[in-house]
Amino acid sequence: MASDTLADARADAEISGLDALEIAGQRTTTTRAATIWASTWPKLAALAIAVGVWQAVVWAEIWPPYSLPGPATVGQELLRQASRPQLWDGMATTLRRAAVGYVFSVGVGLLLGLAVARFRVLRAAIGSMITALQTMPSIAWFPLAILLFELSEKAIFFVVVLGAAPSIANGVISGVDYVPPLLVRAGRNLGARGLNLYRYVIAPAALPAIVAGLKQGWAFSWRSLMAGELIVVGISQTSLGAQLTYARELADAPWLLATMIVILVVGLGVDAAFGAADRAIRRRWGVLDQAGQ
């Protein structure tokens with residue numbers, strides 16, 4: 001009897017110790033500056049390694065300097081372009097096209113994904129077609145786009161939507177498919193029917209997969225847009241893609257690489273925005289490891 005009491009006391013002490021350790025871990029706080037630095041230094045280290053490899057390749061003289069200039073030369077060209085309105089005008093045009101095409105693609109992808117996920121007849125009819133459209137290279141759509149809309153903004157818009165909407169639709173379909181049936185039954189028991197079932201039960205449960213589809217859709221739309229601007233350069237407005245084409249035709253490698261860096265930075269900025277949205281969703285769901293932020 002005494003041994004049982006002693007064992008219970010030891011078990012209680014161990015549980016209390018674990019609780020104290022967990023509480024202590026939860027109470028550990030870090031400053032905002034430390035949090036920012038913890039998420040920034042790996043990116044800075046990766047950037048330094050990339051620049052170092054780039055400079056090493058330049059020193060190895062595998063290509064002549066006029067084909068592959070060094071980081072310092074490209075950095076000077078980037079600063080020079082940043083002081084001129086041409087770069088900012090081109091960026092504004094490209095971002096406007098990206099925003100318009102992506103917003104329209106989100107609308108089409110969400111509606112199409114929900115319709116296919118809800119109606120079995122539609123899934124049987126066009127479910128596999130959506131995946132086929134997603135896997136089709138965006139550059140393959142441009143001959144048709146130019147035949148339909150000539151060298152115009154509409155041709156670029158057409159290809160951006162065809163590049164992004166299938167990815168978004170597939171994200172919605174995947175998210176709805178993986179909603180636990182128990183949640184759906186619970187929602188119906190609480191009176192959720194029709195659109196309310198999707199609004200209050202299915203959509204929140206499928207939100208992580210939908211956000212992943214939105215992120216992938218942006219990647220496809222951005223790639224499609226860059227391909228379009230490289231091809232459709234006859235329109236009057238300048239753009240980042242057009243500036244890449246001009247730099248290639250003029251054999252201006254520093255200008256070309258500087259523009260590529262700008263395109264990469266824009267892509268990283270949008271990826272950071274999607275990453276913040278994903279962390280916010282995981283934090284709301286309680287699946288974000290606070291210690292690993």
Side-chain angles (χ1 to χ4, degrees), residues 47 50-102 104-105 136-164 217-271:
L47 177 62
V51 173
V53 172
W54 178 6
Q55 185 62 61
V57 172
V58 172
W59 283 337
E61 297 183 352
I62 301 175
W63 293 279
Y66 60 81
S67 295
L68 183 64
T73 303
V74 175
Q76 293 174 358
E77 177 64 21
L78 182 59
L79 293 176
R80 188 174 70 86
Q81 292 293 333
S83 64
R84 297 182 175 183
Q86 181 180 6
L87 174 63
W88 303 106
D89 292 343
M91 187 182 300
T93 300
T94 297
L95 291 178
R96 175 184 58 78
R97 290 172 178 168
V100 172
Y102 182 69
F104 191 84
S105 300
M136 190 168 181
S138 58
I139 196 70
W141 289 107
F142 271 101
L144 176 62
I146 293 174
L147 285 177
L148 294 176
F149 306 106
E150 299 180 347
L151 295 176
S152 65
E153 295 275 353
K154 293 180 181 179
I156 298 177
F157 178 80
F158 176 78
V159 175
V160 168
V161 172
L162 284 177
W218 163 260
F220 276 93
S221 69
W222 187 244
R223 290 167 52 186
S224 301
L225 177 60
M226 288 298 102
E229 289 187 344
L230 285 171
I231 295 175
V232 186
V233 295
I235 52 182
S236 59
Q237 291 179 319
T238 185
S239 63
L240 293 179
Q243 291 182 29
L244 282 178
T245 301
Y246 299 149
R248 177 187 59 81
E249 292 177 348
L250 295 174
D252 192 337
W255 182 16
L256 188 147
L257 290 174
T259 306
M260 290 178 63
I261 291 174
V262 172
I263 295 172
L264 178 62
V265 169
V266 172
L268 290 175
V270 176
D271 180 75

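On a predicted model such as this, the values are computed, not experimentally measured, just so you know. When a residue number appears, it is its place in the shown sequence, counting from 1.
Distance CG/L240 to CD1/I263: 5.0 Å, rounded to 0.5 Å. In this structure, the separation between OG on S221 and CZ on R97 is 14.0 Å, given to the nearest 0.5 Å. Of the inter-residue distances, the one linking Q243 atom CD with M91 atom CE reads 9.0 Å to the nearest 0.5 angstrom. Here the CD1-OG1 distance, from I156 to T94, works out to 8.5 Å after rounding to the nearest 0.5 Å. Taking CZ of F220 as the start and CG of L162 as the end, the distance is 12.5 Å to the nearest 0.5 Å.
Applying the ring-ring contact (aromatic ring centres under 6.0 Å, His included) test to every pair with at least one member in residues 138-162, sequence neighbours left out, gives these pairs: F104-F157, F149-F158. Residue pairs meeting the side chain to side chain donor-acceptor pair (under 3.5 Å) criterion with at least one partner in residues 54-66, sequence neighbours excluded, are absent.
When all heavy atoms are compared, the tightest approach of A227 to I139 is CB-CD1, 4.1 Å. Of all heavy-atom pairs between V58 and G70, the closest is CG2-CA, 3.8 Å. Annotation for L230 and L244: closest pair CD2-CB, 3.8 Å, computed over non-hydrogen atoms. Scanning all heavy atoms of the two residues, the minimum distance from G217 to A164 falls at O-CB, 3.3 Å. Scanning both residues, A145 and V159, for their nearest heavy atoms gives CB-CG2, 3.8 Å.
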- Task: Determine, stepwise, if the pair L87 / W255 fulfils side-chain contact (heavy atoms from CB on, under 4.5 Å).
- Result: CA-CA 10 Å; L87 174 63; W255 182 16; over 6 Å; no
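Side-chain contact check for I146 versus I231: some heavy-atom pair is nearer than 4.5 Å. Contact check for T245 versus E229: no side-chain heavy atoms found under the 4.5 Å cut-off.
A donor-acceptor distance shorter than 3.5 angstrom exists from the side chain of T93 to the backbone of T238, with no hydrogens or angles considered.
Note: Y102 and W218 have perpendicular aromatic rings, judged against thresholds of 30 and 60 degrees for the angle between ring planes.
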Would you give me the side-chain donor-acceptor pairs under 3.5 Å for residues 72-85, sequence neighbours excluded?
residue	atom	partner	partner atom	Å
E77	OE1	R80	NE	3.1
E77	OE1	R80	NH2	2.9
E77	OE2	R80	NH2	2.7
E77	OE2	Q81	NE2	2.7
S83	OG	R80	O	2.6

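Heavy-atom contacts from other residues, nucleotides or ligands closer than 6.0 Å to CD of Q86 number more than 12.
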